[in-house]
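The structure appears below as structure tokens.
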There are 2 protein chains.
Amino acid sequence: MKKKITLKQIARELDVSISTVSKALKNSKEISKDTTEKIQAFAKLYHYKPNNIALSLKNRRTRNIGVIIPDIVHHFFTTVFRGIEQYADTKGYNVIACVSDESFEKEVINMELLANGSIDGFIMALSAETQRKNDFHHLIEIIDQGMPLVLFDRITDDVICDKVVINDFEASYMAVKKLIENGRKRIALITTESYLNVSEKRAQGYYKALKDHNLELDENLILRLPYQFEDETKSEAFFASNNMDAVLCVNEIFAVRAMRIAQRNGMKIPDDIAFIGFTDGILSKLANPALTSIAQHGEQMGEIAAKMLIEKIERDDEIETEEETFRTEVIKATLIERESTNN
Amino acid sequence: MKKKITLKQIARELDVSISTVSKALKNSKEISKDTTEKIQAFAKLYHYKPNNIALSLKNRRTRNIGVIIPDIVHHFFTTVFRGIEQYADTKGYNVIACVSDESFEKEVINMELLANGSIDGFIMALSAETQRKNDFHHLIEIIDQGMPLVLFDRITDDVICDKVVINDFEASYMAVKKLIENGRKRIALITTESYLNVSEKRAQGYYKALKDHNLELDENLILRLPYQFEDETKSEAFFASNNMDAVLCVNEIFAVRAMRIAQRNGMKIPDDIAFIGFTDGILSKLANPALTSIAQHGEQMGEIAAKMLIEKIERDDEIETEEETFRTEVIKATLIERESTNN
DNA sequence: GTCAACAACGAAAACGGTTTCGTGTTAATA
DNA sequence: TATTAACACGAAACCGTTTTCGTTGTTGAC
């Protein structure tokens with residue numbers, strides 16, 4: 001077992017000083033050609049690579065970014081993560097991933113852990129509990145320490161920082177509008193139970209579209225489900241006691257489950273009932289019938305978030321003064337039409 | 001903006017030495033009660049937390065583990081990742097996630113990057129390209145440097161280290177056996193094109209099960225598909241030119257796509273044809289009909305991998321000598337029966 | 001009154017690098 | 001020949017900790 005070699009060892013072995021070795025490896029012209037070659041050859045032979053931790057300590061830069069997401073086993077977050085990782089990779093950054101599990105406490109603990117020098121900046125989507133509690137002191141504190149932060153998807157107006165979202169309201173509005181134009185009259189909404197920023201915006205789009213087309217809002221046509229659930233009795237009751245001809249769901253899982261129930265009830269999709277879901281993931285593509293879906297462009301979102309963060313990180317250590325400016329990027333969602341709606 | 005405070009700043013402020021501050025914060029009894037209280041109060045006021053990087057350098061332990069997976073947008077890997085992250089979290093470790101994108105080069109680069117001090121150990125599944133090239137020098141080198149490594153799922157016999165897998169062969173065998181016992185005679189196999197360790201083992205189980213039940217192997221009933229694909233003409237031709245009454249697929253995506261084609265061809269599932277897939281993910285549960293599936297227990301796999309790794313990391317810095325021993329944990333896959341098979 | 005023991009603290013090395021600032025030698029210039 | 005510039009290198013500080021090993025000043029025992 002040959003442990004990694006250090007500058008000190010090379011220096012001792014070649015009977016020069018540590019500084020000489022360091023300079024020679026950086027092709028400093030302070031060092032003679034002879035010595036440089038000798039040192040580089042030796043270093044190569046022993047696969048010398050500088051220790052990242054030592055570099056981080058010296059440079060006060062880790063080239064790590066911290067990503068905190070509520071759930072990794074969730075297609076949308078996974079795609080965002082992929083976008084982040086890909087972009088970070090091209091810029092030489094590593095990604096430390098933490099899962100908050102929708103828990104406020106885990107979010108706080110993980111952030112504090114990472115903030116003590118492990119990373120250069122954060123990208124995160126708020127946990128459901130954090131949104132419910134409306135407590136963002138941990139974010140404020142992090143920002144106050146001068147650590148860049150980018151929020152995506154699950155954001156809040158109470159924290160001033162860079163953000164990236166999709167136009168949930170408009171996307172939802174357009175989807176409902178499309179259903180109405182297709183002749184649908186009784187359009188249901190299946191959304192989440194807990195207060196999530198995005199669900200709320202999507203609901204608003206739904207309300208507005210109904211109103212603008214003179215359809216009255218029927219509270220019975222709105223079903224609120226827990227975020228993760230196995231039991232389908234609530235959904236079944238919903239379908240049994242209402243007659244509707246279209247459903248908008250705030251995610252694809254809700255949509256696919258709802259389609260199954262409708263089909264079991266003998267309804268034909270899209271003839272009797274149409275479905276549109278958010279999150280254009282693999283489920284939408286492979287559902288039967290394939291689900292018309294609103295693409296949230298997670299990968300692009302991750303890429304943009306990573307880009308915003310890294311720009312801020314790298315600008316930070318150039319200039320120190322200069323007023324901070326924060327942006328909110330809005331990505332346009334797109335409707336992918338498939339078999340669950342007619343056109 | 002108040003940057004994080006350091007020991008040095010506390011020391012200067014309180015007019016004591018750095019060592020005194022450090023000791024006081026650790027409740028060393030070398031320091032008087034008065035001084036200790038004063039220092040702790042001050043530290044608390046300014047939210048002092050030791051810098052992780054400095055600690056890592058000093059302790060030669062980062063409390064980071066590196067995870068390299070071929071693809072994060074893949075349900076199985078995502079669940080494994082979740083298992084790793086969860087266990088690591090309970091032990092106070094962070095997870096640095098890298099995606100190799102099935103590329104040998106990215107795998108090598110990422111490993112070398114992380115190996116230079118950023119992490120205490122690796123957990124990884126080999127990229128498809130790495131398995132095809134059969135080149136594992138990067139793994140060997142890492143191990144040689146004394147860095148613990150745990151391979152999962154996509155493993156190789158050419159590298160001696162800890163491993164965790166499922167009993168692919170047996171699981172496949174049992175699935176086919178079940179199909180046969182249900183009266184199926186012409187059982188197809190849909191597997192991957194590129195050489196993947198796991199696909200191969202699953203194919204072996206399929207062969208053996210046929211043989212043991214006196215069914216002859218028909219090469220026409222084996223379809224090899226690229227790992228990721230959009231085009232379905234190959235699959236359609238396969239279904240058009242063969243009549244079969246059951247299909248075993250090496251993952252759930254293949255299975256669900258295959259089911260759709262069969263359905264389009266007017267076949268009834270499970271009456272005319274039965275389906276079983278590997279990877280018991282969300283697709284299997286929500287497919288229509290729901291897919292009978294072999295659960296690979298990804299989360300458990302990740303948890304075990306993380307446990308093996310952390311044990312080795314923490315044992316490493318206790319004793320230095322003592323012969324290394326490596327284990328291979330085999331997790332038993334379980335068949336989850338749903339609507340795509342009859343019983 | 002002397003010496004040992006002890007309490008309370010500081011100096012310094014170490015982790016592994018980078019970088020600034022000498023310093024000694026040689027060669028070129030006045 | 002004296003001065004100086006260029007060259008090639010080393011010493012040391014620094015990043016933020018921990019920890020060993022002094023070094024004080026006070027106390028108690030003899």
Side-chain angles (χ1 to χ4, degrees), chain A residues 3-40 42-43 46-64 113-120 145-146 317, chain B residues 3-40 42-43 46-64 113-120 145-146 317:
Chain A
K3 283 257 177 226
K4 303 228 80 163
I5 197 170
T6 68
L7 283 191
K8 191 193 276 195
Q9 293 170 43
I10 299 184
R12 194 182 320 137
E13 214 64 36
L14 261 42
D15 215 39
V16 290
S17 78
I18 295 181
S19 7
T20 303
V21 179
S22 176
K23 289 170 188 164
L25 291 176
K26 301 188 115 54
N27 286 308
S28 159
K29 48 190 170 175
E30 263 186 77
I31 308 299
S32 74
K33 194 152 165 281
D34 276 12
T35 325
T36 300
E37 280 171 1
K38 186 178 65 180
I39 291 176
Q40 291 193 353
F42 190 90
Y46 284 92
H47 300 112
Y48 171 78
K49 289 278 168 52
N51 180 300
N52 289 333
I53 298 294
L55 287 182
S56 294
L57 186 58
K58 182 98 242 277
N59 303 332
R60 288 121 139 262
R61 290 273 312 284
T62 63
R63 297 195 85 82
N64 287 155
L113 196 67
L114 290 184
N116 294 319
S118 299
I119 59 165
D120 299 334
Q145 285 165 14
D317 43 32
Chain B
K3 284 255 176 228
K4 305 229 79 161
I5 199 170
T6 68
L7 283 190
K8 190 192 275 191
Q9 293 170 43
I10 299 183
R12 194 181 321 136
E13 215 64 36
L14 262 41
D15 213 41
V16 291
S17 78
I18 296 180
S19 6
T20 304
V21 179
S22 176
K23 288 169 188 164
L25 292 175
K26 302 190 115 52
N27 286 311
S28 159
K29 51 189 170 178
E30 264 185 76
I31 309 299
S32 73
K33 193 154 164 280
D34 277 9
T35 323
T36 300
E37 279 171 2
K38 185 178 64 179
I39 291 176
Q40 291 192 354
F42 190 90
Y46 284 92
H47 300 112
Y48 171 79
K49 289 278 168 52
N51 179 298
N52 288 334
I53 299 293
L55 285 181
S56 294
L57 186 59
K58 184 103 244 283
N59 303 332
R60 291 124 137 265
R61 290 273 312 283
T62 63
R63 296 195 86 82
N64 287 155
L113 195 68
L114 291 183
N116 294 320
S118 299
I119 58 164
D120 298 336
Q145 285 167 13
D317 43 32

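All of these numbers come straight from a predicted model, not from anything done at the bench. Order of the sequence lines sets the chain letters (A, B, ...), proteins ahead of strands, with each chain counted from 1.
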May I ask you to decide if [Y]'s main-chain N or O and [X]'s side chain share a donor-acceptor pair within less than 3.5 Å?
| X | Y | answer |
| --- | --- | --- |
| S22(B) | I18(B) | no |
| N51(A) | I53(A) | yes |
| S28(A) | A24(A) | no |

Consider the side chain of P50(A), meaning its heavy atoms from C-beta on, and name the nucleotide among dT18(D), dG17(C), dA12(C) that approaches it most closely. dG17(C)
Go through dG17(C), dT18(D), dG10(D) for me and flag the one nearest to the S22(B) side chain. dT18(D)
If I take atom [atom1] in residue [X] and atom [atom2] in nucleotide [N], what distance separates them, rounded to the nearest angstrom?
| X | N | atom1 | atom2 | answer |
| --- | --- | --- | --- | --- |
| K4(A) | dC15(C) | NZ | P | 18 Å |
| I18(B) | dC14(D) | CD1 | P | 11 Å |
| Y48(B) | dG16(D) | OH | P | 10 Å |
| K58(A) | dG17(C) | NZ | P | 13 Å |
| K3(A) | dC15(C) | NZ | C1' | 14 Å |
| L7(A) | dG10(D) | CG | C1' | 14 Å |
| K8(B) | dA13(D) | NZ | P | 12 Å |
| L57(B) | dC15(D) | CG | C1' | 9 Å |

Tell me which of I53(A) and S19(A) sits closer to the 5' end of DNA chain C, going by the nucleotide each one is nearest to. I53(A)
Both R60(B) and S17(B) contact DNA chain C. Taking the nearest nucleotide for each, which residue is further toward the 5' end? S17(B)
Between T6(A) and dG16(C), does any side-chain N or O lie under 4.0 Å from OP1 or OP2? no
Could you tell me if the side chain of [Y] sits less than 4.5 Å from the side chain of [X], heavy atoms only?
| X | Y | value |
| --- | --- | --- |
| Y46(B) | I10(B) | no |
| N27(B) | Q40(B) | yes |
| N52(A) | R63(A) | no |

With a 3.5 Å cut-off and just heavy-atom distances, do the side chain of K23(B) and the base of dG10(C) make a donor-acceptor pair? yes
Residues in contact with DNA chain D, drawn from residues 25-39 of chain B - heavy-atom cutoff 4.0 Å: K26(B), E30(B)
For L25(B), the option from T20(B), I31(B), L7(B) that meets side-chain contact (heavy atoms from CB on, under 4.5 Å): L7(B)
